[in-house]
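I have placed the structure first, in the form of structure tokens, so that the comments after it can refer back to it.
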Amino acid sequence: MKQSVLLQIAVTRLLNVFRRSAAPSGPASAGPADPQLIEDLVAANRILATEGVLDGYGHASARHNRDPNRYLMSRNVPPAHVTADDIIEYDLDSNPVDPKGRYSYSERFIHGEIYRVRPDVKAIVHNHSPSLIPFGITGTLLKPVYHMSAFIGQGIPVFEIRDAGGMTDMLIGNSALGQGLARALGNHPAALIRGHGAVVVGPSIPVAIGRSIYLEINAKFQAQAIALGGNITFLDPEEVRKVESWQDYKRAWELWKRNAMAK
């Protein structure tokens, strides 16, 4: 009788272990995302790779259409190779809902912490856009010289990671550093990350992608103008306001998307 009781106890313990291991370990899903949103997020990654804003590194994300406390981003893969099967759902702590053995980007905390404090933001890009780096390390302000990048007139702050985390490996690899970057970004459309790259946000995927591309182009133009010498005529704040009233990049988005997805 005693052996039977002990056997039942052992079986019960094994069943409890099995139930715990079989139970979902991540946060609950918000449900299936809009297929169009997934398609556009895949296209966003490929566009930025095609346009030279992203190479093997960097990433784009989109807020989940069903739940503002969830966002979507690819697994850790080069942006040019992203497919719909690579997209993972995350909570705002940047925990994957169902990774299925897929590795996440180490800097996903950039996205979660910005979505947490910026309800207006629906898409985010983190890139290492090369022409931006000098503006993040010299104290030279990035200003709008080109009407397609008028949004720069809203201000592009520089995030100094040492202020948020001391001496680091330069990666935004935890929530504290993500929060520091989100504070530096504030209500601006983009922020430079000293010696690293930039983060760009937008109210939609096309706007975030357009801003990312034209931020790089503006940096090239401004550097060329500085090299030429003389006084530079930047966009006036009133010009910035008027351009921003219509600038949605939709026409360019359709071109970029068609070209990138045809490859």
Side-chain angles (χ1 to χ4, degrees), residues 25-27 29 41 44-45 48-49 53-64 68-82 86-119 121-130 132-137 156-202 205 208-209 211-212 215-216:
S25 57
S29 174
L41 182 55
N45 281 274
L48 292 173
V53 175
L54 301 181
D55 50 16
Y57 299 94
H59 24 81
S61 70
R63 198 185 289 270
H64 201 301
N69 296 313
R70 297 286 184 272
Y71 69 94
L72 306 168
M73 188 167 64
S74 167
R75 70 182 176 94
N76 191 339
V77 64
H81 297 168
V82 170
D86 295 315
I87 303 301
I88 300 174
E89 179 185 347
Y90 292 88
D91 66 12
L92 296 189
D93 290 325
S94 295
N95 297 310
V97 169
D98 185 9
K100 299 178 181 176
R102 298 169 293 180
Y103 291 103
S104 296
Y105 293 117
S106 63
E107 292 191 289
R108 61 192 181 277
F109 303 96
I110 291 172
H111 304 259
E113 297 305 331
I114 292 174
Y115 285 126
R116 192 191 305 277
V117 298
R118 289 284 301 272
V121 169
K122 298 297 187 294
I124 299 172
V125 172
H126 168 49
N127 64 61
H128 303 159
S129 195
L132 298 177
I133 301 299
F135 290 92
I137 61 176
I156 308 296
V158 178
F159 173 59
E160 173 51 78
I161 193 170
R162 293 174 188 169
D163 293 340
M167 294 299 163
T168 67
D169 62 0
M170 302 292 287
L171 300 181
I172 316 298
N174 58 52
S175 294
L177 293 175
Q179 290 164 13
L181 175 56
R183 285 193 297 271
L185 174 67
N187 291 321
H188 301 286
L192 305 185
I193 305 172
R194 192 266 306 164
H196 182 161
V199 61
V200 184
V201 303
I205 290 177
I209 299 310
R211 286 176 171 175
S212 298
L215 193 66
E216 162 71 11

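Taking NE2 from His59 and CG from Leu48, the interatomic distance works out to 12.0 Å, rounded to the nearest 0.5 Å. Note: Glu89 CD to Arg70 CZ = 6.0 Å, rounded to the nearest 0.5 Å. Here OH of Tyr71 is found 10.0 Å from CD1 of Ile114. Values are rounded to the nearest 0.5 Å. Here the CZ atom belonging to Arg162 is positioned 8.5 Å from the OG1 atom belonging to Thr168, to the nearest 0.5 angstrom. Here the straight-line distance linking atom OG of Ser94 with atom CD1 of Ile88 works out to 11.5 Å at 0.5 Å rounding. Rounding to the nearest 0.5 Å gives a distance of 7.5 Å between CG of Leu215 and CG of Asn127.
Between Val125 and Val201, every side-chain heavy-atom pair lies at or beyond the 4.5 Å cut-off. Contact of the Arg102 side chain with the Asp86 side chain is not registered, since no non-hydrogen atoms from C-beta on lie closer than 4.5 Å. With contacts defined as side-chain heavy-atom distances shorter than 4.5 Å, the pair Ser129/Leu132 qualifies. By the 4.5 Å heavy-atom criterion applied to side chains, Ser212 and Val200 are counted as neighbours. When side chains are defined from C-beta on, Ile133 does not count as touching Arg194, because their heavy atoms never get closer than 4.5 Å. Leu185 is listed as a side-chain neighbour of Arg118, based on a closest heavy-atom distance under 4.5 Å. Tyr57 places none of its side-chain heavy atoms less than 4.5 Å from the side chain of Pro79. Residues Arg75 and Tyr103 fail the side-chain proximity criterion, which asks for heavy atoms closer than 4.5 Å.
Of the options Asp93, Leu92, Asp91, Asp98, a side chain to side chain contact (heavy atoms under 4.5 Å, CB included) to Pro27 is made by Asp91 and by none of the others. Checking each of Ile161, Ile137, Leu171 against His196 for a side chain to side chain contact (heavy atoms under 4.5 Å, CB included) leaves exactly one that passes, namely Leu171. For the pairing with Arg108, the side chain to side chain contact (heavy atoms under 4.5 Å, CB included) check across Met73, Glu113, His126 returns one residue only, Met73.
Qualifying side-chain hydrogen bond (donor to acceptor under 3.5 Å, both in side chains) partners for Ser61, counting only residues two or more places apart in sequence or in other chains: His111, Tyr115. Take His81 and apply the ring-ring contact (aromatic ring centres under 6.0 Å, His included) test, not counting sequence neighbours, and it matches no residue.
In plain terms, the two heavy atoms of Val77 and Ser74 that are nearest each other are CG1-OG, 3.2 Å. Looking at every heavy atom in both residues, Ala44 comes nearest to Ile209 through CB-CD1, 3.6 Å.
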Table please: side-chain donor-acceptor pairs of residues 172-184 below 3.5 Å, with sequence neighbours left out.
{"residue": "Asn174", "atom": "OD1", "partner": "Ala176", "partner atom": "N", "Å": "3.1"}
{"residue": "Asn174", "atom": "OD1", "partner": "Leu177", "partner atom": "N", "Å": "2.9"}

*Starting from the C-alpha separation in whole Å, work towards a yes-or-no answer on side chain to side chain contact (heavy atoms under 4.5 Å, CB included) for Val97 and Tyr90.*
CA-CA 6 Å; Val97 169; Tyr90 292 88; 6.0 Å; no
